[in-house]
Participant: 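Pasting a structure below so you can have a look.
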Amino acid sequence: MDLQQLEDEARQAALKDIQNMLQRPGQLEKVEQYRHRIARKKASVEALLKTGMQNQLDGVRVGLKQLETCMQDVREVRRRMDEVENLLQGVPEVYDALEVVREENTKHSQYATAMENLKHIFNVDASVQKTMGLIDEDKLLNAHQCLADLENSRDDLLYELHKQPKQHASDKITLKRHFEKVDTVSQALEKKLRLILSRTLNTVRKKPTVIVTALRIIEREEKNDQFALQQQKVTGFLPPGRPKAWRKMILDVLQSSVATRIEGSKLEERTDNKMWLVRDLEILRQIILEDLRVVKSLCVPCFPPHYDIFNEYVKFYHEGLSSYLDTIVRAGLEGNEYVSMLAWVTHTYPGAELMSHPDLNVDVHKLIGTLLRPEHLKALEDEYLQNMQRNYQEWMTKAAETEKVEWFSETVPDQDEHYYHTSAPVIIFQMIDQHLQVTNTIHQELTFKALVMSIQQVEIFGQTYLKNVIELKEHHFRNRDQIKYFTHYIITIVNNSQQMVELAQQMKQLYWPKSRTEHYEDFERLLATFQRIRAHAASYLLEEAFLDMECHFHDLFTVKWLASSMSVDTICVTLDDYFQDYNHLRPNNFEMVINEAQKLLAKRYIRALLSKRLSKPRVECDAITRKIKQEAKRFKLFFEKIAPKISLSDSPLDLITTLSGLLISDIELLVLDLHTLLGSYPSLTEDHLVRLFYIRNDVKAAEVREKVQDAMKSKKAMVSIAKQDCIFKEIVFNDKLW
C-alpha cells in the first residue's frame, strides 16, 4: 500500500471540500463551526480506529495462547507415544512365553462347554425321542424348548471347534453326525407348523391359541436367526440350518393355502352349465369376503402387528385371484362370459360387494393395483368387441338374407298401425341397445367403442341392404310378373329405412357422449346410407307407377289429346290406384312420395309439352292453353284428394300453368314476359323456350329465336329463386329444334 499516494488523495479531497464550503463571502463567518465539526468527526474516526485496533490485538493475544496450549499438548502426546512404543517392544517375548497358558485356556474352555452340554451329548437319542413325542402330542412350546436345548449344545460345541487355530474337518463331521437327528426334529416341527398354519382360517375360529403358539415359536426362531447372522459377522461362524427363515415359510404357506382355496372353489365347467362363470365368480366373491372378515376380526389379534396380516392376506387373495382369472381368460371365453368377467373385475371386485365392503373397506387400487394387468384387460376388452362384431356380422347377414327371401315370397308384409314393416330394424337396435347397456356396466370408454363399432356394422348392413334393393328392382323390371308383392315390399323398405334413421338418432341421444367428436363421421355415414336407401326405394315406387303410364304421356299434345281427355283420366286413375297402396307408407314417407310424384308428373307433362308434337295457329292456342290449365288444376285436385293434410303450396304442377300462359302472350311483349319468367326460373334454357313456341305456327321461327336469344342475353347469372327450378335442369333433349 502506497502511504504517500493515500495522503495526497486525502489532501486533494480536503481541498475540494474546503472549496465547496467557502464559495460565498458569508460562509467565512462559519469557519469556526466548520473547524469544530471536522475536529469532532476526526476524534470519532480516531476512536473507531483505536477500538478496531484493540479488538484485533485481543484476538491475536488469544490466538497465541491457544497455539501455546496446542504445542504443550503435542509435546505430551509425543512423550506418551514414545513410552507406548518402548512398552510394545517386549510384547512378542511375552506372547511366546504365554503360549502354554493360551493352549490350556482353550482346553479349559472346551472342557467347560463339554461339561455344560454333557447331558445333551450323552442323551441325544433320548432327547430326540422325547421331543418327537411332544410334537406328536401337540405340546409345541415344550417341544421347541427341547429342540432349542439340543441345537444350542450342538452349536456351542461346533463354535468351540471353529475357534481352534488348527481345525480338523473330521472333528466337525463326527460332531454333526452325532447330532444329525436334531435336524430331523427341526424338520418335524417345521412340518407341524406348516400343517397348523395351512389351516389358519379354520383353526382361528375354534382354537386361536394353537395359532398363537405356532407364531410364538416362529418369532423365537426369527430372533435366533438374527443372533446367528450377527455372530457370523463377528466370528465367521454360522450354525447348521441357519437362517431357518420360518416367518417367510409361513407366509408362503398362507399364500399357497389361499391359492388352493381359490382354485378349489370351481364347481362347474362350461359343458355342465352355461352360467358356470357367473356362478364361479359369485362363489369366489362370497368365499373371499367371508375369509377376509375372519382375518380382520380373528387373525389380526393373533398375529404380531409387524406381520400386517390383513393386508398380507388381501395381497395373497389378489395375486391368487389374478392368476386364476388369467388362466380362465387364456383358456378362452365365449359370448356373455366376456361381460361377466369384465364387470366382475372392474366393478364387483373393487366395489362395495367385495373389497370396498364396509366390513373390509380396502382400497385395492391404492394398495395393490388392478386385478388384471392393464394390457390383459385391454386385450380382454378387444376380444369382447371382436366377439360382438362377429355376432353382429352373422346376425345382420342372416337378417339381410331373410329380408331378401321375404321379398320374393307369396305373402303380404306385416303391418303395424296399417303401415308395412318388418321386425329387422327394431331387432337390430334392440340387440345394439342390450350390448350397450351391458358395456355401460363396465365403463364409458368401452361403451363408446362398442357404440362406434355397432354404428359401423349397421352401416355395412345398410350397404348390403341397398345392394339387395337394387338387385330386387332390376330383377322386377326385367319381368314384372315374377314378384307378386313388389310394391308392398318396396313400401316396407321405405318404412324400414326411415325407422332405421330414427332408431339410430335415438341411440345417439342415449349413448353418444356430448364431448366426443371422433368417429362422428361414422354416424353421419350411417344416416346417409339409409336416407339413400329410402330415396332409392321411393323412386322405384314411382318408376313402376309411371312405367304403367308411359304410353299415356306419349299421347299428350297430339291430335288425339286435343279431342279427348282420356290420357289425363287414365294417368289420374292409375296414380289413384297406386296411391291406395302408398297409404301403407308412414306419414313422412307418404309426404315424400307425394312431393316426388308431383315433381315427376310435372316433369313428364312439361317434357311432353316441349316435345314438338303439335303445331297450331294462334287462334287455336287459346283452347290449348285452357286445356293445359284445366289438366294442371285436375292434377292438383287429385293430389289434394289423396293427401288432404299435406300442403300443396308452391307445387311443381304450377309450372305447367305458368308455361301455358306464354302460348297466348302478345309477341311484341314476349321479351318482357320472358324476363319475368327467367327471373324466377334461371334454369330455363333457350332450347326449352324455343320448343314451347313450336306449338304456335303463326310466329316465324327466326322471330321467336331472336326474341328468345335477346331475353337469354339479358338474363343475369343468379341462384335459383323458385325451389321447383331444378325440374328444368332434368328436362334435356338430345335433338335440337332449330
Side-chain angles (χ1 to χ4, degrees), residues 549 552-572 575 598-640 648-708 710-712 722 724-725 727-728 730-731 733 737-738:
M549 298 182 287
H552 302 294
F553 280 110
H554 285 304
D555 290 339
L556 294 177
F557 298 101
T558 61
V559 175
K560 179 182 177 182
W561 170 75
L562 287 174
S564 170
S565 62
M566 184 179 294
S567 297
V568 172
D569 292 342
T570 307
I571 289 171
C572 289
L575 283 174
Q598 290 184 79
K599 180 180 174 183
L600 191 55
L601 181 59
K603 186 171 73 172
R604 296 300 300 274
Y605 192 92
I606 292 170
R607 185 179 184 87
L609 175 63
L610 304 181
S611 294
K612 58 179 182 178
R613 298 171 185 165
L614 198 64
S615 182
K616 295 292 181 179
R618 168 67 178 79
V619 177
E620 297 183 27
C621 284
D622 289 336
I624 293 173
T625 300
R626 284 195 300 274
K627 185 175 178 61
I628 292 172
K629 289 181 178 180
Q630 288 172 359
E631 291 178 347
K633 185 177 180 180
R634 184 173 179 185
F635 288 148
K636 289 194 70 173
L637 291 173
F638 165 75
F639 283 108
E640 288 174 357
L648 297 179
S649 60
D650 197 17
S651 170
L653 297 171
D654 294 335
L655 289 176
I656 299 173
T657 304
T658 302
L659 291 176
S660 66
L662 291 176
L663 295 176
I664 56 174
S665 63
D666 189 344
I667 198 66
E668 298 299 329
L669 301 175
L670 181 59
V671 175
L672 294 176
D673 292 336
L674 289 176
H675 274 297
T676 303
L677 187 64
L678 289 171
S680 298
Y681 305 101
S683 296
L684 264 171
T685 64
E686 180 181 346
D687 187 46
H688 291 149
L689 295 170
V690 171
R691 283 177 174 275
L692 178 64
F693 281 98
Y694 180 84
I695 296 175
R696 285 181 58 172
N697 61 10
D698 62 312
V699 182
K700 293 181 180 180
E703 185 179 0
V704 173
R705 186 174 70 176
E706 182 181 354
K707 292 186 179 297
V708 170
D710 287 343
M712 295 297 293
Q724 309 302 343
D725 178 58
I727 287 179
F728 294 111
E730 299 173 11
I731 300 176
F733 295 94
L737 188 62
W738 303 103

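From a predicted model like this one, the values you see are computed outputs, not experimental measurements. The first residue in the sequence is number 1, and the count goes up from there.
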Participant: Who are the salt bridge (charged side-chain N to carboxylate O under 4.0 Å, His left out) partners of Arg607, not counting sequence neighbours?
Facilitator: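 Salt bridge (charged side-chain N to carboxylate O under 4.0 Å, His left out) check on Arg607 returns nothing, list empty.
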Participant: Indicate the atoms forming the closest heavy-atom contact of Phe553 with Ala608, along with that distance.
Facilitator: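 It is O-CB, 3.9 Å.
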Participant: To the nearest 0.5 Å, how far apart are CG in Leu609 and CD1 in Ile656?
Facilitator: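 These two atoms lie 8.5 Å from each other.
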Participant: Asp555 and Thr558: which non-hydrogen atoms are nearest, and at how many Å?
Facilitator: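 Result for this residue pair: O-OG1, 2.6 Å.
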Participant: Working note: Glu631 + Lys627, criterion salt bridge (charged side-chain N to carboxylate O under 4.0 Å, His left out); need CA distance, chi angles, decisive distance, verdict.
Facilitator: CA-CA 6 Å; Glu631 291 178 347; Lys627 185 175 178 61; 3.6 Å; yes
Participant: Got a second to check how far Asp654's CG is from Gln598's CD, nearest 0.5 Å?
Facilitator: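 Interatomic distance, Asp654 CG to Gln598 CD, rounded to 0.5 Å: 9.0 Å.
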Participant: Looking at Ala602 and Pro652, what are the two nearest heavy atoms and their distance?
Facilitator: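 In terms of heavy atoms, the two residues are closest at CB-O, 3.5 Å.
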Participant: Could you grab the distance from atom CG of Leu663 to atom CG of Leu692, nearest 0.5 Å is fine?
Facilitator: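 One gets 4.5 Å once the value is rounded to the nearest 0.5 Å.
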Participant: Is there side-chain contact between Leu655 and Tyr605, with heavy atoms separated by less than 4.5 Å?
Facilitator: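 Side-chain contact under 4.5 Å: no.
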Participant: Would you check, one step at a time, whether the test side-chain contact (heavy atoms from CB on, under 4.5 Å) holds for Leu653 with Phe639?
Facilitator: CA-CA 10 Å; Leu653 297 171; Phe639 283 108; 3.8 Å; yes
Participant: Measure from the side-chain N and O atoms of Ser564 to the backbone N and O of Lys560, and report whether any donor-acceptor pair falls under 3.5 Å.
Facilitator: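 Checking the backbone N and O of Lys560 against the side chain of Ser564, no donor-acceptor pair under 3.5 Å is found.
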Participant: Please evaluate residues Leu659 and Ile628 with respect to the criterion side-chain contact (heavy atoms from CB on, under 4.5 Å), reporting the C-alpha separation (whole Å), side-chain torsions for both, the decisive distance (0.1 Å), and the verdict.
Facilitator: CA-CA 10 Å; Leu659 291 176; Ile628 292 172; over 6 Å; no
Participant: Please report the shortest heavy-atom distance between Ile571 and Phe635, naming the atom on each side.
Facilitator: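 Where Ile571 meets Phe635 most closely, the heavy atoms are CG2-CE2, 4.3 Å.
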Participant: Pair Leu610, Phe557 - check side-chain contact (heavy atoms from CB on, under 4.5 Å), show working.
Facilitator: CA-CA 9 Å; Leu610 304 181; Phe557 298 101; over 6 Å; no
Participant: Does the distance from a Lys or Arg side-chain N to an Asp or Glu carboxylate O, for Asp622 and Arg626, drop under 4.0 Å?
Facilitator: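 No.
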Participant: List the steps, then state whether side-chain contact (heavy atoms from CB on, under 4.5 Å) holds for Thr657 with Lys633.
Facilitator: CA-CA 8 Å; Thr657 304; Lys633 185 177 180 180; over 6 Å; no
Participant: Measuring only between side-chain heavy atoms, which start at C-beta, is Pro682 closer than 4.5 Å to Phe728?
Facilitator: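 The answer is no; the side chains never approach within 4.5 Å.
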Participant: What's the shortest heavy-atom distance between Leu614 and Val559, and which atoms?
Facilitator: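 That would be CD1-N, 4.2 Å.
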Participant: Measuring from Ile606:CD1 to Arg691:CZ, what's the distance to the nearest 0.5 Å?
Facilitator: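 So the CD1 of Ile606 and the CZ of Arg691 are separated by 14.0 Å.
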Participant: With Cys572 as reference, evaluate Thr570, Leu575, Val568 under the side-chain contact (heavy atoms from CB on, under 4.5 Å) test and give the passing residue.
Facilitator: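 Answer after filtering Thr570, Leu575, Val568: Val568.
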Participant: If you define the side chain from C-beta out and look only at heavy atoms, does anything of Tyr681 sit under 4.5 Å from Ile727?
Facilitator: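 Heavy-atom side-chain distance check fails, nothing below 4.5 Å.
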Participant: Using side-chain heavy atoms (C-beta onward) and a distance below 4.5 Å, is Met549 in contact with Arg604?
Facilitator: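 The answer is no, as the side chains (C-beta and beyond) never meet within the 4.5 Å cut-off.
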Participant: Can you measure from NE2 (His688) to OG1 (Thr685) and round to the nearest 0.5 angstrom?
Facilitator: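 These two atoms lie 4.0 Å from each other.
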Participant: How would you list, by chain and number, every residue that makes a salt bridge (charged side-chain N to carboxylate O under 4.0 Å, His left out) with Lys629, sequence neighbours excluded?
Facilitator: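 For Lys629 there are no salt bridge (charged side-chain N to carboxylate O under 4.0 Å, His left out) partners, ignoring immediate neighbours.
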Participant: In Å and rounded to the nearest 0.5 Å, what is the CG to OG distance from Leu556 to Ser611?
Facilitator: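 Rounded to the nearest 0.5 Å, the CG-OG separation comes to 9.5 Å.
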